[in-house]
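Worksheet: one structure, shown below.
Sequence lines set the chain letters: A, B, ... in the order given, protein chains first and strands last, and positions in each chain run from 1.
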Amino acid sequence: MPIRWPRAKRCQHGEGVVGLISMANGYLPSEFETRWQQRWRDERTYEIDNDDPRPSTYVLSMYPYPSGKAHIGHVRNYTFGDLLVRYRTMNGYGVLSPIGFDSFGLPAENAAMKTGEHPRTYTDARIEELSSSLTAIGAVYDWRRMVKSHDPEYMKWGQWIFKQFYNAGLAYRAEAPVNWCPGCGTVLANEQVNADGTCDRSGDLVERINKVQWFYRITQYAQELLDDLDELDWPQRVKTMQTNWIGRSEGAEFALPIADADGNARTDVAGLAVYTTRPDTGFGMTFAVMAPEHNRVDELTTDDQRPAVEAFRAEVKEKSEIDRMSTDGPIDKRGVATGSSVINPFTGATIPLFLADYVLTTYGTGAIMAVPGQDQRDWDFAKAYDLPIVRTVAPPDDFDGEAFTGDGPAVNSGWLDGMGVVEAKAAAISWLVDNNYGESKINFRLRDWLLSRQRFWGCPIPIIYCDDCGEQLVPDDQLPIVAPDDVTFEATGKSPLATHEGFLNTTCPECGKPATRETDTMDTFVDSSWYFLRFADAFNTDEPFSVEAIKRWLPVDQYIGGVEHAILHLLYARFYTKALADLGIAPKELREPFARLFTQGMVRMGGGKMSKSKGNLVAPEAIIAEHGADALRLAILQVKPPAEDVDWEDFQLDGCARFLGRVWRLAASTADIKNRRSGVHTEADVEIDKLVHRLIVRVTGDFERWSYNTAVAAYMEFTNDLYRYVQSDDGPHAEVLDYAVDTLLLLLAPPVPHMAAELWEMRHDAHIHLAAWPVADESKLVVETETMIVQVNGKLRDRIDVPAGIADADAEALALASEKVQAFLEGEPKKIIVRAPKLVNIVA
RNA sequence: GCCCGGGUGGUGGAAUGGUAGACACGGAGGGCUUAAACCCCUCUGAGGAGGAAACUCCUCGUGCGGGUUCAAGUCCCGCCCCGGGCACCA
């Protein structure tokens, strides 16, 4: 609440601060911002050694993909991290604040195809641009520790880690589908495939073809990745998303015997394995469905259905997984009968076997039992194909839907009848086990991590293929394997690695005979899965990092990044950390990389995501030139809670710059204010002093809970009060004012580091960022009177000033005595709720 | 489609279940100025009543419909709309 100054004390006649404070020292950020940036660098203010005596804390913003000059989205991300680094430093911590670049990736390769420039020189230039942008917004790092994905030293240890994973059985090869463009003769990223399934370069229809590729066995850690989420101080929504992504489910896997022409179970072939989370509904299984890619499709398709099945499979090949998972649209064209039948083991009935696009090979067994009574998609399918529907769970009487997925007594289910879902599940599973049809099974939606990329600009997978010895790891003394420089990029999109003779041909490390290299590179998520560990020991040439260094800094105390990374990056990094710990490369006890996570929202432009490809980027340079980096930082903090998405149009640069000007004028010239006084403190002096201490509490609390927009409001409110104080007829008390301004500057040092530093040096000839964060004096926080609100039936009827320590009975008496309240009372109150000193609610 | 968020004045937002709209932008009025800009001060959710005025008071109001509660922007249920992710963009 702002102070309500008595009218007479206010400045009435425009004398204003103009008259009191010199205008000569205008706020001109361009005169000192770059100077301070240079000084932080020269004075190594934010460099830190591993033997630094201060208590450790590790603040990390996700390392950026170097796309060139920063855009406002970057600025927002790195402002939050920078504020925290400066805040923690003022709190006495030795803060590890490193920066690096996620410098492998598709855009550099695309640029190479356009301009012929080698991705390395292109990427190095983009890193320079982004680095200078980060410096220009005042972000401070220990630049010595910089990690770049494409740095050969980092690649060397990345490949070395792959080898350790391979030796531990965590890396393996298997077939997996890729997007294949027949026109370009190349594999496409999902991003390069248009919504209609065509190649964005050639326009050809993209196919899904199978290719042998490398995987990391992340599923081995599925349970641990799920369990350990509990101990993380992460946003609940990110934890929920990871939980759902891992997708643990308990159910049963069992076999549906294949039926012969007479409807009897064949004993010469294995049954069709299906996975279900609802074994209790088995009696309602009226058909079964396989994924179109299931490896038994050929075997189980009858001759008369073969043409239809082949046509269907060709069609599905062109569909994306998202389209296939969708339950939108007509379902009648989304499946086809195989002509074969299987047997429902529960009922003994012969039921038809279909293919449908919504069943995926990647989940469960790639085949399902269909129970239309309890599953809406099965219901729709049954309707479209005229299949019987049998309810096996009785829906409530008022149920008017189709498939019923809720709980209820089992019906039409033989020996399960009458049981609830939980009981029936257990009973059905024991029955399946007892009769040798199957077993209970925990299934995860999580799939192994496909890390092969058919790209040039990535970290090569350190494998050699020998005709005689098979796949061989590249020996350590040959690492890193680095992509060659003498390559040309063709507009078709082919990776030059696969055709570069010098790269491709090598000798087998085992037998010495001619052999060939793996030409796929690693997913860039591999690079980003351990860079935060390398930061802790960035100069180590003997190992990726020492256990000691990791023990000193890890886990990251505060990780900051976009919510778009909520699943993939954060899950992969967690997996890497666990695997590295289990292999003894990282400390055994390091189970999680990021103790606390903050996910900030994105900056949108015209309602859409800001991105280079959309061409709607806003560059910070022009804004910094006009308003200064501090004003931009403050506007970022002020405009919206950090976790939420924000539209660029809503930024209030002018207002923030105006506020900084107000602080500047006040702080730069307090000594010149004409009517400064000394001696005895007036009521106003005491009041201002209390506000200073309340401000410390507010800002500190807001920083701790990432509520920067309200912290900015607190600064502004306080500054408004200070202005009124300075302009009051009595004038300001010199000591009170100086203390108030100094404290304001200290509190402003993390968000607006340049201006705070400049003013502090003017006032104290010292470095504000090395000063201690202010601490509030408890005795000055004591509140003597509170405004008690009085409600009648929950509606506000009066406000009464009461002593903070008022007893409930006295509060009640005061409330009832109020004339305003009396007017709304008829007869005796039914009930009175008293929450002294804040509230009394009278129920009439 | 599935998973995860979000809907509060003209705008961005604030509000441990307890005074809805702090702070800022925009707007209005006043001061300073020959004038303008800058700057300083005040007012500003909608509708209405009383008063010469300062001001006082009433009703409505947090996407829609229900519910829980003495009390709901906040908790629960069901809708509607908007945004993000969906495994090869990073």
Charged N to carboxylate O below 4.0 Å: is that the case for A:Glu717 and A:Arg694? no
What integer number of Å spans the [atom1] atoms of [N] and [M]?
{"N": "B:C41", "M": "B:C32", "atom1": "P", "value": "15 Å"}
{"N": "B:A37", "M": "B:G12", "atom1": "P", "value": "28 Å"}
{"N": "B:C38", "M": "B:A53", "atom1": "C1'", "value": "34 Å"}
{"N": "B:C23", "M": "B:G9", "atom1": "C1'", "value": "14 Å"}
{"N": "B:G73", "M": "B:C64", "atom1": "C1'", "value": "15 Å"}
{"N": "B:G83", "M": "B:C88", "atom1": "P", "value": "25 Å"}

N or O in side chain of [X] less than 4.0 angstrom from [N] OP1/OP2:
{"X": "A:Arg665", "N": "B:C40", "value": "yes"}
{"X": "A:Arg453", "N": "B:C88", "value": "yes"}
{"X": "A:Asn709", "N": "B:A14", "value": "yes"}
{"X": "A:Lys820", "N": "B:C58", "value": "no"}
{"X": "A:Arg662", "N": "B:C41", "value": "yes"}
{"X": "A:Arg658", "N": "B:C25", "value": "yes"}

Of B:C3, B:C88, B:A15, the nucleotide closest to the side chain of A:Met241 is B:C3
Counting Watson-Crick and G-U wobble pairs only, both distances under 3.5 Å, name the nucleotide matched with [N], or none.
{"N": "B:C32", "result": "none"}
{"N": "B:C64", "result": "B:G78"}
{"N": "B:G26", "result": "B:U44"}
{"N": "B:C2", "result": "B:G85"}
{"N": "B:G18", "result": "B:C70"}

- Item | Distance-only donor-acceptor test, A:Glu564 side-chain atoms vs B:C86 base atoms, 3.5 Å | no
Quiz item: A:Arg724 side-chain donor-acceptor pair to B:C41 base, under 3.5 Å: no
Side chain to side chain donor-acceptor pair (under 3.5 Å) between A:Asn720 and A:Arg662: does it pass, once the steps are laid out? CA-CA 9 Å; A:Asn720 289 342; A:Arg662 276 163 80 79; 2.9 Å; yes
> Relative to the ring of A:Trp457, is the ring of A:His150 parallel (under 30°), tilted (30 to 60°) or perpendicular (over 60°)?
Replying inline: tilted
Requested in this report: Quick one: sort the A:Trp706 and A:Phe598 rings into parallel, tilted or perpendicular, breaks at 30° and 60°.
Outcome: parallel
